[in-house]
Amino acid sequence: MRSLIVHSHRKFSVLALLLLPLYSLNAIAQAPTEPAQNTYIESAVLWQQSSGERRALSYQAFALARLMLDRDLRMNRRVKKPRAVIVDLDETILDNGLYQGMQVRNHVNFNQKDWTEWVNRAEATAVPGSIEFLSYAAARGVTVFYITNRNDIQKQGTATNLKKLGFPNVNDQTLLV
C-alpha cells in the first residue's frame with residue numbers, strides 16, 4: 001500500500017511539474033502590461049541630445065578620420081587601387097536620439113514595428129561632422145559604403161533619410177542592409 005501511495009504521489013508531482021509552466025504562461029499572458037521603465041536611458045538620451053561635449057567628441061572623431069584619410073591618400077599616392085570608407089549608420093552617422101526620446105516620453109520599450117515606422121519616416125539627424133567627413137572623402141574619389149543591420153523593409157526610408165541629410169553617393173550599391 002505504501003508503494004502505491006508513493007507511486008501516486010510521484011505521478012502527481014510529475015503532473016504538477018508539467019502543468020506548472022502552462023499555468024505560469026497563462027498567468028503572464030493575462031497580466032496587464034505595465035508601461036516600460038525607461039529611466040535607465042533617460043539620462044543617456046538627455047546627454048546625447050543636449051551635450052556640447054557629445055557634439056565636440058563627434059567632430060573630433062571625424063576630424064581625426066579626415067587626417068587619417070589624407071595621410072593614407074598621401075602615402076599611397078602611387079597605388080591605383082580604389083579607396084573606400086565603410087561606415088555603420090545608427091549612432092555612427094545617423095542620430096536616432098529623437099526616436100529614443102519618444103520611447104522615454106511614451107514609456108515604451110524598443111519594438112520592431114515602432115522602429116520600422118521611425119526609420120521609414122526618415123527623420124533621423126546626422127551625427128555632427130559625419131556629412132562633412134563623408135563628403136570630403138567622396139570629393140577625393142573615395143567610395144563611401146553605408147552598412148547597417150536595418151532590413152529590406154527599411155532600406156528605402158534609410159536611403160531617403162541619408163539623401164535628405166546630404167550624405168554623398170547613396171544608392172543600391174553603396175547602401176547595404
Side-chain angles (χ1 to χ4, degrees), residues 21 23-69 84-139 142-177:
Y23 175 76
S24 298
L25 288 174
N26 188 37
I28 291 169
Q30 292 179 2
T33 53
E34 294 183 24
Q37 295 296 321
N38 286 331
T39 54
Y40 66 95
I41 65 169
E42 288 175 3
S43 294
V45 170
L46 181 61
W47 183 82
Q48 183 177 345
Q49 290 182 1
S50 62
S51 171
E53 179 186 21
R54 186 254 179 175
R55 291 182 60 77
L57 290 170
S58 294
Y59 282 120
Q60 180 182 26
F62 287 108
L64 178 59
R66 181 178 172 159
L67 288 172
M68 298 302 292
L69 176 64
V85 171
I86 302 168
V87 292
D88 178 52
L89 296 186
D90 297 309
E91 311 324 318
T92 302
I93 65 166
L94 286 180
D95 180 348
N96 295 295
L98 296 174
Y99 170 75
Q100 294 158 346
M102 180 273 309
Q103 286 180 288
V104 171
R105 184 181 63 246
N106 295 335
H107 302 286
V108 297
N109 289 319
F110 175 87
N111 65 75
Q112 197 62 44
K113 179 182 174 285
D114 288 348
W115 174 247
T116 297
E117 288 174 6
W118 162 256
V119 168
N120 289 333
R121 284 198 317 257
E123 295 178 357
T125 58
V127 170
S130 60
I131 297 170
E132 296 85 351
F133 168 67
L134 295 175
S135 296
Y136 180 83
V142 176
T143 303
V144 178
F145 288 97
Y146 305 91
I147 309 273
T148 181
N149 67 348
R150 294 177 177 194
N151 60 40
D152 287 332
I153 296 169
Q154 300 162 344
K155 187 171 185 174
Q156 185 56 50
T158 301
T160 299
N161 202 166
L162 291 167
K163 289 174 184 177
K164 183 168 74 170
L165 292 170
F167 283 99
N169 306 322
V170 177
N171 58 54
D172 283 340
Q173 289 72 43
T174 60
L175 175 57
L176 307 171
V177 297

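For the numbers below, each heavy atom of this structure counts, side chains included, while hydrogens, waters and symmetry mates do not. Note that the numbering runs from 1 along the sequence shown for the chain.
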Over all heavy atoms of both residues, which pair between [X] and [Y] is shortest? Give the atoms and the distance, please.
| X | Y | answer |
| --- | --- | --- |
| V177 | R150 | CB-O, 3.1 Å |
| F133 | L69 | CE1-CD2, 4.2 Å |
| V85 | A137 | CG2-CB, 4.3 Å |
| F167 | V170 | O-CG2, 3.8 Å |
| L176 | D172 | CD2-O, 4.4 Å |
| S58 | P128 | CB-O, 3.3 Å |

Atom pair [atom1]/[atom2] of [X] and [Y] - distance to nearest 0.5 Å:
| X | Y | atom1 | atom2 | value |
| --- | --- | --- | --- | --- |
| N111 | Q103 | CG | CD | 8.0 Å |
| T158 | D152 | OG1 | CG | 10.5 Å |
| Q60 | E53 | CD | CD | 10.0 Å |
| F62 | I131 | CZ | CD1 | 10.0 Å |
| M102 | H107 | CE | NE2 | 12.5 Å |

Please work out whether the ring planes of W115 and F110 are parallel, tilted or perpendicular, with thresholds of 30° and 60°.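 Because their plane-to-plane angle lies in the 30° to 60° range, the rings of W115 and F110 count as tilted.
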Minimum side-chain heavy-atom gap [X]-[Y] below 4.5 Å:
| X | Y | answer |
| --- | --- | --- |
| V142 | Y136 | no |
| Y146 | L134 | yes |
| Q173 | T143 | no |
| I153 | V119 | no |
| L94 | L162 | yes |

Tell me whether the count of non-hydrogen atoms from other residues, nucleotides or ligands lying under 6.0 Å of CZ in R55 goes above 12.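 Atom CZ in R55 is not crowded, with 12 or fewer foreign heavy atoms closer than 6.0 Å.
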Given the rule in the side chain to side chain contact (heavy atoms under 4.5 Å, CB included) test, do R54 and D95 qualify, once you have shown the distances and angles that lead to the verdict? CA-CA 12 Å; R54 186 254 179 175; D95 180 348; 3.1 Å; yes
I'd like to know whether D90 forms a side chain to side chain contact (heavy atoms under 4.5 Å, CB included) with T148, so could you lay out the CA-CA distance, the side-chain angles of the two residues, the decisive distance to 0.1 Å, and finally the verdict. CA-CA 7 Å; D90 297 309; T148 181; 3.8 Å; yes
Quick check against the 3.5 Å criterion: does T174 have a side-chain atom that pairs as donor or acceptor with the backbone of N171?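 Yes; judged by distance alone, with no hydrogens or angles, the pair exists.
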Flag for E91-N96: side-chain donor and acceptor within less than 3.5 Å: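 A donor-acceptor contact under 3.5 Å links the two side chains.
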